[in-house]
**Student:** 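This structure is in structure tokens; I'll ask about it shortly.
If you read the sequence from its start, that first residue is 1, and numbering goes on from there.
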Amino acid sequence: MIETNSSDWRHSVMPAVFTWLKESKSGALEIDLDATKKYAADVLKVQGKGGSRMGGLVGSGTLGENSHLSTEQRLTLLKALSEVAKEYNVPLISGAAAETKEELAKIVEGLATVGVDTVMVMPPKTKAVPSDDEMYDYYELAEATARNVDVTIMPYNNPDAAGYHAISTDLLLRISALPNVTALKISTIDVSIIETLMLENKDLKVLAGVDTVTVHAGLAGASGGITGVGVIFPKASVTMQEHVLNGEWAEANKISQALNSISYLDGQPLLMEYLKFAMGIHHNDIAGGLRTYGIKLTQQQIDDVQARYTLAKERLEALDLL
């Protein structure tokens, strides 16, 4: 077993890994489990300049083709990734969202059977905005279910994501008091939400979920984060988080600026398609990087990602962070 340098994964950055696909004999796309496991392990091996590594592994999330996978595909994928997480002694994290609290409870139970340690719980996928009491009941049942199957939950507030409902700061604080809530994930460029939460409860563990605001979220009180860009440039991402945790803001900001051109993509609606293609460029595997169940990129979008990737690589090379 490989030791990590973080005694608490919530004080680290964690990669939201891609799900790699391949063509079957019939020409259809299917999950390439071996490639997915290899790239996940490659990211977890990388050390920052301070000697730390990624503190967890996020699988089958937004960047992992989650919305395109069947339940059976997801569970098969996560079972494979759990082997990688165990090898590197880190928790496996995955997401869940449903229309009803009962459906959500079944998802949490299923994720626990394949080795998921923490479930990121999105708000309910309903057309009507639920009341605060309905939202609380949804998370309360998720937490109780998680406790019964020996996993934890991480309420996931993503007010910028289409189709989901923002959770108010008052409700986030109320939900965070549930016993098996291990942290909150806040995915927004408005880091004042994090600051407001921390002013109310300085002991909260908050993870940032947008690469463009890693440093700003740290200043606001976030203890760690989940990264997409860090899958492509892990040394830079881990080193930036080391500086954040040490309060070395100027050094952290240098890395944030170096990553700026590609971090921008993490906040876009097509973040999965953009970043997956950038990963393909990084590994000289353009065809592999283009394989996705998602939207096919236009040539203009491909050219933009290529330019953004190249600029970030040049800037990081100058900092010895490739």
**Student:** Within this structure, what is the CG-CG distance for the pair Leu63 and Asp266, rounded to the nearest 0.5 Å?
**Tutor:** 6.5 Å
**Student:** Tell me the ring-ring contact (aromatic ring centres under 6.0 Å, His included) pairs involving residues 186-206, sequence neighbours left out?
**Tutor:** none
**Student:** Is there a side-chain contact between Thr227 and Gln241, using heavy atoms and a 4.5 Å cut-off?
**Tutor:** no
**Student:** Is it true that Leu69 and Val114 fall in one hydrophobic cluster, defined by side-chain heavy atoms closer than 4.5 Å?
**Tutor:** yes
**Student:** Picking from Val210, Thr62, Leu265, what satisfies side chain to side chain contact (heavy atoms under 4.5 Å, CB included) with Leu271?
**Tutor:** Thr62
**Student:** Taking all heavy atoms of Pro91 and all of Gly55, pick out the closest pair and write down the distance.
**Tutor:** CD-O, 3.2 Å
**Student:** As an exercise, state the distance from CG of Asn157 to CD1 of Ile193, rounded to the nearest 0.5 Å.
**Tutor:** 6.0 Å
**Student:** Who pairs with Asn246 by side-chain contact (heavy atoms from CB on, under 4.5 Å), at least two apart in sequence or on another chain?
**Tutor:** Glu248
**Student:** To the nearest 0.5 Å, what is the distance between CG (Leu171) and OH (Tyr139)?
**Tutor:** 8.5 Å
**Student:** For atom NZ of Lys79, is the number of surrounding heavy atoms from other residues, nucleotides or ligands below 6.0 Å larger than 12?
**Tutor:** no
**Student:** Return each pair, listed once, that meets ring-ring contact (aromatic ring centres under 6.0 Å, His included) where at least one residue sits in residues 50-85; pairs must be two or more places apart or across chains.
**Tutor:** none
**Student:** According to the salt bridge (charged side-chain N to carboxylate O under 4.0 Å, His left out) rule, which pairs have a member within residues 229-241, sequence neighbours left out?
**Tutor:** none
**Student:** Do Thr169 and Glu200 have side-chain heavy atoms sitting under 4.5 Å apart?
**Tutor:** no
**Student:** Not counting sequence neighbours, which residues clear side-chain contact (heavy atoms from CB on, under 4.5 Å) with Ala258? List them please.
**Tutor:** Arg315, Leu316, Leu319
**Student:** About how many Å separate CD1 of Ile226 and CG of Leu207, when rounded to the nearest 0.5 Å?
**Tutor:** 5.5 Å
**Student:** I want to check something: taking the side chain as every heavy atom from C-beta on, are Met272 and Asn66 in contact at a cut-off of under 4.5 Å?
**Tutor:** no
**Student:** Specify the closest pair of heavy atoms between Thr298 and Gln301, including all atoms of both residues, with the distance to one decimal.
**Tutor:** N-OE1, 2.8 Å
**Student:** Taking the side chain as every heavy atom from C-beta outward, state whether Val121 and Pro155 have any pair of such atoms under 4.5 Å apart.
**Tutor:** no
**Student:** Ignoring hydrogens, what is the shortest heavy-atom contact between Arg74 and Ser94? Give both atom names and the distance.
**Tutor:** NH2-OG, 2.6 Å
**Student:** Would you check if Leu275 and Ile262 make a side-chain contact, meaning some heavy-atom pair closer than 4.5 Å?
**Tutor:** yes
**Student:** Could I get the full list of side-chain hydrogen bond (donor to acceptor under 3.5 Å, both in side chains) partners for Ser131, not counting sequence neighbours?
**Tutor:** Glu134
**Student:** Could you go step by step and tell me if Lys45 and Arg53 meet the side chain to side chain contact (heavy atoms under 4.5 Å, CB included) rule?
**Tutor:** CA-CA 7 Å; Lys45 289 175 187 174; Arg53 298 187 179 98; 5.6 Å; no
**Student:** Group every Ile, Leu, Val, Met, Phe, Trp and Tyr by side-chain heavy-atom contacts under 4.5 Å, then state whether Leu141 and Leu184 land in the same group.
**Tutor:** no
**Student:** Please, which pairs that meet ring-ring contact (aromatic ring centres under 6.0 Å, His included) have at least one residue in residues 113-137, sequence neighbours excluded?
**Tutor:** none
**Student:** Please walk me through it: do Leu173 and Leu204 pass side chain to side chain contact (heavy atoms under 4.5 Å, CB included)?
**Tutor:** CA-CA 9 Å; Leu173 288 166; Leu204 269 181; 3.8 Å; yes
**Student:** With sequence neighbours left out, which residue pairs that include part of residues 296-311 fulfil the salt bridge (charged side-chain N to carboxylate O under 4.0 Å, His left out) condition?
**Tutor:** Asp304-Arg308
**Student:** Using side chain to side chain contact (heavy atoms under 4.5 Å, CB included), reason through Leu57 and Val17 one step at a time and then give a plain yes or no.
**Tutor:** CA-CA 7 Å; Leu57 179 62; Val17 294; 3.6 Å; yes
**Student:** Minimum heavy-atom separation for Ala112 to Val149, with atom names?
**Tutor:** CB-CG2, 3.7 Å
**Student:** Search all heavy atoms of Leu44 against all heavy atoms of Met54 and return the closest pair with its distance.
**Tutor:** CD2-CB, 3.8 Å
**Student:** Please say whether more than 12 non-hydrogen atoms of neighbouring residues, nucleotides or ligands are located less than 6.0 Å from CD1 in Ile295.
**Tutor:** no
**Student:** Taking only residues at least two apart or on different chains, which pairs with a member in residues 290-322 satisfy ring-ring contact (aromatic ring centres under 6.0 Å, His included)?
**Tutor:** Phe233-Tyr309, His282-Tyr309
**Student:** Is there a path of hydrophobic side-chain contacts, each under 4.5 Å between heavy atoms of I, L, V, M, F, W or Y residues, that connects Val46 with Leu259?
**Tutor:** no
**Student:** Indicate every side-chain donor-acceptor pair of residues 95-111 with a distance under 3.5 Å to a residue at least two apart or in another chain.
**Tutor:**
{"from": "Thr100", "atom 1": "OG1", "to": "Glu103", "atom 2": "N", "distance (Å)": "3.1"}
{"from": "Glu103", "atom 1": "OE1", "to": "Glu99", "atom 2": "N", "distance (Å)": "3.4"}

**Student:** Distance check, rounded to the nearest 0.5 Å: Ile31 atom CD1 versus Leu77 atom CG?
**Tutor:** 5.0 Å
**Student:** Please name all residues satisfying side-chain contact (heavy atoms from CB on, under 4.5 Å) with Thr182, sequence neighbours left out, ordered by chain then number.
**Tutor:** Trp9, Arg10, Thr118, Thr152
**Student:** Indicate, with yes or no, if Val238 and Leu322 share a hydrophobic cluster defined by side-chain heavy-atom contacts under 4.5 Å among Ile, Leu, Val, Met, Phe, Trp and Tyr.
**Tutor:** yes
**Student:** Tell me, do Ser223 and Val206 make a side-chain contact under 4.5 Å, heavy atoms counted?
**Tutor:** no
**Student:** Start with the C-alpha distance between Lys205 and Met154, add both sets of side-chain angles, then the distance that settles side chain to side chain contact (heavy atoms under 4.5 Å, CB included), and finish with yes or no.
**Tutor:** CA-CA 10 Å; Lys205 302 298 182 186; Met154 178 161 46; over 6 Å; no
**Student:** Measure the CG-CD distance between Leu219 and Glu195 for me, rounded to the nearest 0.5 Å.
**Tutor:** 9.5 Å
**Student:** Under a plain distance cut-off of 3.5 Å, with no hydrogens placed, do Glu242 and Ser52 share a side-chain donor-acceptor pair?
**Tutor:** yes
**Student:** Are Leu33 and Val231 joined in one hydrophobic group, where the rule is that I, L, V, M, F, W and Y side chains link up if heavy atoms are under 4.5 Å apart?
**Tutor:** yes
**Student:** Any side-chain heavy-atom pair from Asp211 and Thr214 closer than 4.5 angstrom?
**Tutor:** yes
**Student:** Look at Lys37 together with Asp34 and state whether they make a salt bridge at an N to O cut-off of under 4.0 Å.
**Tutor:** no
**Student:** Where is the tightest heavy-atom contact between Leu92 and Gly59, given as atom of each residue plus distance?
**Tutor:** CD1-N, 4.3 Å
**Student:** May I ask you to say whether Asp117 pairs ionically with Lys86, meaning some side-chain N is under 4.0 Å from a carboxylate O?
**Tutor:** no
**Student:** Is there a side-chain contact between Glu65 and Leu21, using heavy atoms and a 4.5 Å cut-off?
**Tutor:** yes
**Student:** When you measure from the side chain of Thr19 to the backbone of Gly64, do you find a donor-acceptor pair of N or O atoms at a distance under 3.5 Å?
**Tutor:** yes
**Student:** Apply ring pair (Phe, Tyr, Trp, His ring centres under 6.0 Å) to Tyr39 and list each qualifying residue two or more places apart in sequence or on a separate chain.
**Tutor:** Trp20, His283
